[in-house]
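Along the sequence shown, residues carry numbers from 1.
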Amino acid sequence: MGRLALWAALACPACATASNYLDPDGPRYEARYGQPQGQDPDLRVVTFNIENGRRIAEAVAGLRGHAALRAPDLLLLQEMNAAGVEAIARELAMNAVYFPASRLGGRDLGNAVLSPWPIEASWKLLLPHTTRIVKKARAAVAARVKVDGRAVIVYSVHLGSPLGLAGDKRREQAEAVLADAQRHPDDPVVVAGDFNSRAVGEVFERAGYAWPTKALGKTTAFLSIDHIFSRGLATRPEGAAGVAREVRDASDHRPVWAVLASPPPPAPGAGTEAP
């Protein structure tokens, strides 16, 4: 047991272990409220860890009220439960898919992909390793979203925390997402979420992904851990990404956004492998 694990054990002697959802097919929840707002030359991506999915009304108010977060094409959420995802999808007129990864303290926790555009397919990607002490599993939620007629492969990600997982194992979780994305070589890809690390971004850069949020600074009180990566989508000039620091009452994280160029038309004969 390392120092971090020992500290956690001493600080939380009564902590229960998590129940993990290890079936790659479920549980799965979806919502269908999507209302695309018409053609736009840009692809707006927002990622938000809503801290145990507790303050949904505040999150909705922040997503509606902040100009940079309003009407995203892709909204990636972490630490969610099914009721919270349903509420946000309904309030913001979006489609949604949600897979919980674990259950702890009587609450499901997992990631979600939301979009006003059609979600054509979705799947849960089980990530390697469980965390120390509570033995929580992690899973990315992936979806194929048809944005203005063009498929985009999207991953909502929440990697293990430094307290629960060593850095090399967190990198292996990131590499598992990259390996899954390689099954879709002809489609643009967006990976976004809470990576519990800034350094793990180098794994995506080495794989050829753009990192528009690299220089944004802190996304929590002390750390820069919420990020957006893309492959096959042109990044906009500097200033087309940011942290919505004004949204403070919904979570211990701040929402992060980036504007990418809309996906190009598919190459002749290109196809997408089914999940």
query = Are L69 and W117 grouped together when hydrophobic residues (ILVMFWY) are joined by side-chain heavy atoms under 4.5 angstrom apart?
reply = no
task = Mark yes or no for whether S251, through its side chain, and N49, through its backbone, hold a donor-acceptor pair below 3.5 Å.
result = yes
inquiry  = Would the distance check show the side chain of R90 and the main-chain N or O of A93 forming a donor-acceptor pair, the cut-off being under 3.5 Å?
reply    = no
ask   = Are the side chains of N196 and S161 in touch, meaning some heavy atoms are under 4.5 Å apart?
value = yes
inquiry  = Taking G34's backbone N and O only, do any of them form a donor-acceptor pair with N95's side chain (distance below 3.5 Å, no angle check)?
reply    = yes
For S224 against G217, the heavy-atom pair lying closest together = OG-O, 3.0 Å
message = Please check this pair: side chain of T131 against backbone of V134, looking for a donor-acceptor N/O pair closer than 3.5 Å.
response = no
request  = Look up atom CZ in R245 and atom NZ in K218, then write down how far apart they are to the nearest 0.5 Å.
outcome  = 7.5 Å
note = Checking T17, L104, T130 against K136 for side chain to side chain contact (heavy atoms under 4.5 Å, CB included), the one that qualifies is L104
inquiry  = Any carboxylate oxygen within less than 4.0 angstrom of a Lys/Arg side-chain nitrogen, looking at E30 and R32?
reply    = yes
query = How far apart are the C-alpha atoms of V177 and L127, what are their side-chain angles, what is the distance that settles it, and do they pass the side chain to side chain contact (heavy atoms under 4.5 Å, CB included) test?
reply = CA-CA 8 Å; V177 175; L127 301 181; 4.0 Å; yes
ask   = Should R55 and E51 count as an ion pair when the cut-off is N to O under 4.0 Å?
value = yes
task = Could you tell me whether the side chain of V60 reaches within less than 4.5 Å of the side chain of L63, counting heavy atoms only?
result = no
ask   = Is the backbone of L216 close enough, under 3.5 Å, to the side chain of T213 for a donor and an acceptor to pair up by distance?
value = no
query = So, the side chain of R170 versus the backbone of G160: is there a donor-acceptor pair under 3.5 Å, distance only?
reply = yes
remark   = When every non-hydrogen atom of A174 is compared with those of V203, the smallest separation belongs to CB-CG1, 4.3 Å
ask   = Which heavy-atom pair separates E79 from N52 by the least distance, and what is that distance?
value = OE1-N, 2.7 Å
query = Hey, any chance V141 and F48 share a hydrophobic cluster, counting ILVMFWY side chains that come within less than 4.5 Å of each other, even indirectly?
reply = no
query = Is any side-chain heavy atom of I119 less than 4.5 Å from a side-chain heavy atom of R144?
reply = no
ask   = Do Y21 and D108 have side-chain N/O donor and acceptor atoms under 3.5 Å apart?
value = yes
ask   = Is any side-chain heavy atom of P128 closer than 4.5 Å to a side-chain heavy atom of K169?
value = no
inquiry  = Using a 3.5 Å distance criterion without hydrogens, assess whether the side chain of N20 forms a donor-acceptor pair with backbone atoms of K135.
reply    = yes
query = Would you call E202 and R206 a side-chain contact if the rule is heavy atoms closer than 4.5 Å?
reply = yes
query = Mind checking whether W123 and H184 have ring centres under 6.0 Å apart?
reply = yes
ask   = What are the two closest heavy atoms between A199 and S197, and how far apart are they?
value = N-OG, 3.1 Å
key: SB check R254 E246 (cutoff 4.0 Å)   = no
request  = Give a yes or no on this: more than 12 heavy atoms of other residues, nucleotides or ligands lie within 6.0 Å of atom CZ of R107.
outcome  = yes
task = Mind listing the closest non-hydrogen atom pair of S102 and A18 along with its distance?
result = CB-CB, 4.4 Å
message = Just by distance, no angles: are the side chains of H129 and E172 close enough, under 3.5 Å, to form a donor-acceptor pair?
response = yes
query = Is the shortest distance from a Lys or Arg side-chain nitrogen in K124 or D25 to a carboxylate oxygen in the other one below 4.0 Å?
reply = no
key: Contact check, side chains of I88 and M80, non-hydrogen atoms, under 4.5 Å   = yes
remark   = d(Q78 CD, F195 CZ) to nearest 0.5 Å is 8.0 Å
query = Salt-bridged, R64 to E91, with N to O below 4.0 Å?
reply = yes
key: Heavy-atom closest pair, residues L43 and A261   = CB-O, 4.1 Å
key: Intermediate values then yes/no, side chain to side chain contact (heavy atoms under 4.5 Å, CB included), V191 and F204   = CA-CA 9 Å; V191 183; F204 289 89; 3.9 Å; yes
ask   = Is V157 linked to V189 within one hydrophobic cluster, defined over Ile, Leu, Val, Met, Phe, Trp and Tyr using a side-chain heavy-atom separation of less than 4.5 Å?
value = yes
request  = For R171 and D168, run side chain to side chain contact (heavy atoms under 4.5 Å, CB included): C-alpha distance rounded to whole Å, both residues' side-chain angles, the deciding distance at 0.1 Å, then the answer.
outcome  = CA-CA 5 Å; R171 287 190 293 273; D168 60 336; 3.4 Å; yes
ask   = Is there a donor-acceptor contact under 3.5 Å from the side chain of T219 to the main chain of D226?
value = yes
message = Check this for me: does any side-chain nitrogen of one of D187 and R231 sit under 4.0 Å from a carboxylate oxygen of the other?
response = no
inquiry  = Check this for me, if you would: do D73 and R44 make a salt bridge, where the nitrogen-to-carboxylate-oxygen distance has to be below 4.0 angstrom?
reply    = no
task = Report yes if the distance between the aromatic ring centroids of F229 and Y155 is under 6.0 Å, otherwise no.
result = no
query = Is there side-chain contact between N111 and L77, with heavy atoms separated by less than 4.5 Å?
reply = no
Side-chain heavy-atom pair V145, L74 within 4.5 angstrom cut-off = yes
